[in-house]
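Just below is one structure, and these are the notes that go with it.
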Amino acid sequence: MTIRVIIADDQAMVRAGFAALLAAQPDIDVVGEAPDGRQAIEVSGRTHPDVVLMDVRMPEMDGLEAARRLLSPPPGVVHRPRVLMLTTFDVDDYVYEALRAGASGFLLKDAPPADLIAAVRVVAAGEALLAPSVTRRLIEDFARQRPAPRRNPSLRLNALTPRETEVLEHIARGLSNAEIADALVLAEQTVKTHIGRILAKLDLRDRAQAVVFAYESGLVTPGAA
């Protein structure tokens, strides 16, 4: 199956470079480009991509607002692509807000080419792209500076079993599936099963939203060991 991608970035050379790299892959098809968020929405509406590579900072409409509109479309719009945010900063308030909006993760623009290709494939497969070390730094630093209000999360958390709650806490602390399996003495496939149930019970789209929920619900306290 070919992964359909559009690239939204205000720098033409960046778009061209990413497009050339991705188009050279046998399983990726670059179906459009956009210089700002507004045009990214228009191109997405025409081409129905699987993944949108979205720069955080762009004129006209930034990547954050464009991600919100793509991931919460108006009534009648069925297609919702996966959004992978691109940024030049490894800690960026906009990235946190993008995760809250439903983006599937983010990638630094200066990441190695192989990482970009892998990121598109991971996100297209329905997984969230959150490197453990970056998860810890991004979410904890931002939440410490400007914690989000808690919205009576206890009812939703009560839907989880004790083991699922443990798994969610480990996800929020930036552990990979393999690390969670080691910590809880479980098979990695069992961890994946727990994660699937957590997402379904909490009505979350992917691992990225699970991390945000864990912090906003108070399950995990920023900076705690």
Side-chain angles (χ1 to χ4, degrees), residues 1-90 92-131 134 138 199 204-209 212:
M1 179 179 174
T2 301
I3 302 169
R4 296 167 60 82
V5 177
I6 67 173
I7 302 167
D9 193 292
D10 60 336
Q11 298 182 44
M13 291 185 66
V14 171
R15 295 197 308 272
F18 284 176
L21 177 65
L22 294 174
Q25 309 307 309
D27 59 336
I28 298 176
D29 185 12
V30 178
V31 297
E33 299 179 19
D36 58 61
R38 193 175 306 281
Q39 291 189 50
I41 295 172
E42 295 174 358
V43 173
S44 178
R46 294 197 308 268
T47 62
H48 292 179
D50 300 300
V51 177
V52 177
L53 290 178
M54 183 81 75
D55 188 20
V56 171
R57 302 174 187 274
M58 292 184 289
E60 297 294 328
M61 180 187 293
D62 65 22
L64 174 58
E65 180 60 25
R68 284 197 189 103
R69 297 193 187 190
L70 285 173
L71 297 170
S72 298
V77 178
V78 177
H79 178 70
R80 288 202 309 171
R82 299 278 175 173
V83 175
L84 177 61
M85 305 302 297
L86 297 169
T87 179
T88 54
F89 305 99
D90 60 355
D92 190 321
D93 290 0
Y94 287 108
V95 175
Y96 178 85
E97 294 296 337
L99 295 180
R100 292 182 67 192
S104 294
F106 71 98
L107 187 72
L108 296 178
K109 282 188 178 181
D110 60 358
D115 286 2
L116 173 64
I117 296 167
V120 168
R121 290 171 176 155
V122 166
V123 170
E127 299 293 330
L129 187 75
L130 288 173
V134 177
L138 173 69
L199 298 180
L204 301 173
R205 188 175 185 186
D206 55 27
R207 194 187 193 98
Q209 288 193 325
V212 173

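As a basis for the values below, the full set of heavy atoms in this structure was taken, side chains included, without hydrogen atoms, waters or symmetry mates. Just so you know, residue 1 is the first one in the sequence shown, and it goes up from there.
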Test log, rule side chain to side chain contact (heavy atoms under 4.5 Å, CB included), inputs I41 and L70: CA-CA 7 Å; I41 295 172; L70 285 173; 4.2 Å; yes
Audit row: E60, D10, side chain to side chain contact (heavy atoms under 4.5 Å, CB included) steps and yes/no: CA-CA 10 Å; E60 297 294 328; D10 60 336; over 6 Å; no
Side chain to side chain contact (heavy atoms under 4.5 Å, CB included) between I28 and T2, worked out: CA-CA 5 Å; I28 298 176; T2 301; 5.8 Å; no
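Contact detail for P81 and L71: the closest heavy-atom pair is O-CD2, 3.3 Å. Between G32 and V43, the shortest heavy-atom distance links the atoms CA-CG1, 4.0 Å. The two residues V123 and S104 come nearest to each other via the heavy atoms CG1-CB, 3.8 Å. Residues V83 and A67 approach most closely at CG1-CB, 4.1 Å, considering heavy atoms. The minimum heavy-atom distance between M58 and G37, with the atom names listed, is CE-N, 3.5 Å.
Summarising the geometry, atom CG belonging to L86 is positioned 11.0 Å from atom CD belonging to Q11; distances are rounded to the nearest 0.5 Å. With rounding to the nearest 0.5 Å, the separation of CZ in R80 from NE2 in H48 is 14.0 Å. Taking CE of M54 as the reference point, atom CG of L84 lies at 10.5 Å (rounded to 0.5 Å). With rounding to the nearest 0.5 angstrom, the CG atom of D110 is 11.5 Å from the CG atom of L116. Within the model, atoms CZ of R38 and CD of E65 stand 9.0 Å from one another, a figure rounded to the nearest 0.5 Å. Distance check: F18 CZ to D55 CG gives 8.5 Å after rounding to the nearest 0.5 Å.
A heavy-atom distance below 4.5 Å is not found between the side chains of D29 and I3. For the pair D9 and L53, the minimum side-chain heavy-atom distance is 4.5 Å or more. For the pair I6/V30, no side-chain contact is recorded, criterion being any heavy-atom separation below 4.5 Å from C-beta on. Contact annotation: the side chain of P49 approaches that of H79 to within less than 4.5 Å [non-hydrogen atoms, C-beta and beyond]. Counting heavy atoms from C-beta on, the side chains of D50 and R4 come closer than 4.5 Å.
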